[in-house]
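These notes concern the structure reproduced below.
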Amino acid sequence: AQPEAAREQVDLLLALDPSSRMGRVLDAALDLLSRKAPLAEASLLEEVKLTGRSTESLVTLANFYQVTQQRPKAAELLVEIVQREPQNIAVRMQLGSLYAQMGDGASAERIFREAGQIAPADPTAAMALPSYYVRIGDWPKAAAELESMVKKKSDAPTRSLLAAVYYRAGRRDEARKLAEQLVTQTADPGAHLLCGLIHLDAREYEAALLEFERVVRDQHDSAVAAYLMARASYGAGKEQVGVEQMERALNLNHELLPARLWLIDYRSEEHTSELQSLRH
């Protein structure tokens, strides 16, 4: 709110410590706010020079290049760090995501696969490649990766994700079988949601309701569970309960567009019915 006062303090900070990362970040941020991107870049380049190309300074400069849509420059810096620090999983993940944003799927796959190979005990690294396939909607590849992981370590979260991937891939029988196993063996809420979705698709509304109710009991603030429960209730002929649950879902998450559209359609139909009744 007081950019001139902020500039004065940042200048004092950099005068005392020219290599201060926080000082350089604030300096660049103020320049960006003033639409002086070249000055911001110059300040961050100076930090890179003063720190002898430290990892932190290179990451900061790479972030700047991403913010200013100079992705190839950002990728070059992240590659430099990965080559110097092969075990730096955080930077590898950032580089993989950057390649994905640039549309270089082959490089993104390679980076995410390497992350899992380098640090198999790190959950983030191990899930990097299947998570990437899920993000881009490549369900066959996601399923193949998760199946391979489940053979090595059959934990509930991975099996739950695999069941969801089967569902998205249209492999409903496999999804149902795995989800039902998880419901029996664990208290995984994702498995209950998936079982409910499968029942909902088959118009088995009462069975779907039982699954969604279990999730809502344990996760009172789950907007998704409330939304699905509303759809199941309405399908089962419990119209008022369905409307109340849909309103609750929207109150829990004001940006839940499916719930908002459902309520708009419902109220439009309700209004039309009232008009027709008046005409008769």
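Counting heavy atoms of neighbouring residues, nucleotides and ligands inside a 6.0 Å radius, atom CE of Met102 exceeds 12 of them. Around CD of Gln69, the count of heavy atoms belonging to other residues, nucleotides or ligands within 6.0 Å exceeds 12.
Cluster annotation: Met93 is connected to Ile118 through the hydrophobic network of ILVMFWY side chains, with a link wherever side-chain heavy atoms come within less than 4.5 Å. Under a hydrophobic-cluster definition in which Ile, Leu, Val, Met, Phe, Trp and Tyr are linked whenever side-chain heavy atoms come within less than 4.5 Å, directly or via other members, Met246 and Val215 are assigned to the same cluster. Tyr234 and Val241 fall into different hydrophobic clusters, where Ile, Leu, Val, Met, Phe, Trp and Tyr are joined by side-chain heavy atoms under 4.5 Å apart, directly or via other members. Cluster annotation: Leu252 is not connected to Val243 through the hydrophobic network of ILVMFWY side chains, with a link wherever side-chain heavy atoms come within less than 4.5 Å. Linking ILVMFWY residues whenever their side-chain heavy atoms come closer than 4.5 Å, directly or via other members, places Leu78 and Val48 in the same cluster.
Atom CD1 of Ile198 and atom CD of Glu180 lie 7.5 Å apart (nearest 0.5 Å). Residue Arg260 holds its CZ atom at 9.0 Å from CG of Leu256, rounded to the nearest 0.5 Å. For the atom pair CZ of Arg214 and CG of Asp218, the computed distance is 10.5 Å after rounding to the nearest 0.5 Å. Within the model, atoms CG of Leu209 and CD of Gln245 stand 9.0 Å from one another, a figure rounded to the nearest 0.5 Å. Atom-to-atom distance recorded for Arg168:CZ and Leu161:CG is 11.5 Å, nearest 0.5 angstrom. Note that OG1 of Thr68 is 7.0 Å distant from CD of Glu41, once rounded to the nearest 0.5 Å.
The aromatic rings of Phe112 and Tyr132 are tilted relative to each other, their planes meeting at an angle between 30° and 60°.
The shortest side-chain heavy-atom distance between Leu58 and Arg84 falls under the 4.5 Å cut-off. Looking at heavy atoms from C-beta onward, Tyr166 lies out of side-chain contact with Arg176 at the 4.5 angstrom threshold. Counting heavy atoms from C-beta on, the side chains of Ile111 and Glu114 come closer than 4.5 Å. Counting only heavy atoms from C-beta outward, the side chains of Leu77 and Arg53 approach each other to under 4.5 Å. The side-chain heavy atoms of Val79 and Tyr99, taken from C-beta on, include a pair separated by under 4.5 Å. Using a 4.5 Å heavy-atom cutoff, the side chains of Met127 and Pro130 are in contact. Annotation: side chain of Leu162 is not in contact with side chain of Met149 (no heavy-atom distance under 4.5 Å). With contacts defined as side-chain heavy-atom distances shorter than 4.5 Å, the pair Tyr205/Lys238 does not qualify.
In terms of heavy atoms, Gly242 sits closest to Ala230 at O-CB, 3.2 Å. Residues Ala143 and Val165 approach most closely at N-CG1, 3.7 Å, considering heavy atoms. Across all their heavy atoms, Ile89 and Ala115 have their closest contact at CD1-O, 4.0 Å. Of all heavy-atom pairs between Leu194 and Ala164, the closest is CD2-N, 3.6 Å. Between Cys195 and Val183, the shortest heavy-atom contact is SG-CG2, 3.8 Å. Ala208 approaches Ala232 most closely through the heavy-atom pair CB-CB, 4.1 Å.
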Test log, rule side-chain contact (heavy atoms from CB on, under 4.5 Å), inputs Val91 and Glu85: CA-CA 9 Å; Val91 173; Glu85 303 175 13; 5.9 Å; no

Assess the residue pair Thr158 and Lys153 against the criterion (side-chain contact (heavy atoms from CB on, under 4.5 Å)); give the C-alpha distance rounded to whole Å, side-chain angles, the decisive distance to 0.1 Å, and a yes or no.
CA-CA 9 Å; Thr158 305; Lys153 184 183 177 183; over 6 Å; no

Exercise. Tell me, with the steps shown, if Ser268 and Ile264 meet side-chain contact (heavy atoms from CB on, under 4.5 Å).
Key: CA-CA 6 Å; Ser268 296; Ile264 290 171; 4.2 Å; yes

Working note: Arg248 + Met229, criterion side-chain contact (heavy atoms from CB on, under 4.5 Å); need CA distance, chi angles, decisive distance, verdict. CA-CA 11 Å; Arg248 180 170 175 271; Met229 188 174 173; over 6 Å; no

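Checked options Glu211, Arg217, Gln219; the residue passing with Pro189 is Gln219 (criterion: side chain to side chain contact (heavy atoms under 4.5 Å, CB included)).
Annotation: cation-pi geometry satisfied between Arg172 and Tyr167 (NZ/CZ under 6.0 angstrom from ring centroid, within 45° of ring axis).
A donor atom on one side chain and an acceptor atom on the other are not found under 3.5 Å apart for Thr60 and Glu47. Between the side chains of Ser107 and Asp104, at least one donor-acceptor pair of N or O atoms lies under 3.5 Å.
Note on Glu147 versus Lys151: no salt bridge recorded, every NZ/NE/NH1/NH2 to OD/OE distance being 4.0 Å or above.
You'll find the ring centres of Tyr227 and Trp262 outside the 6.0 Å limit.
Listed for the Arg92 side chain is a donor-acceptor partner under 3.5 Å among the backbone atoms of Pro86. Proximity of a side-chain donor or acceptor of Thr186 to a complementary backbone N or O of Leu182 within less than 3.5 Å is detected.
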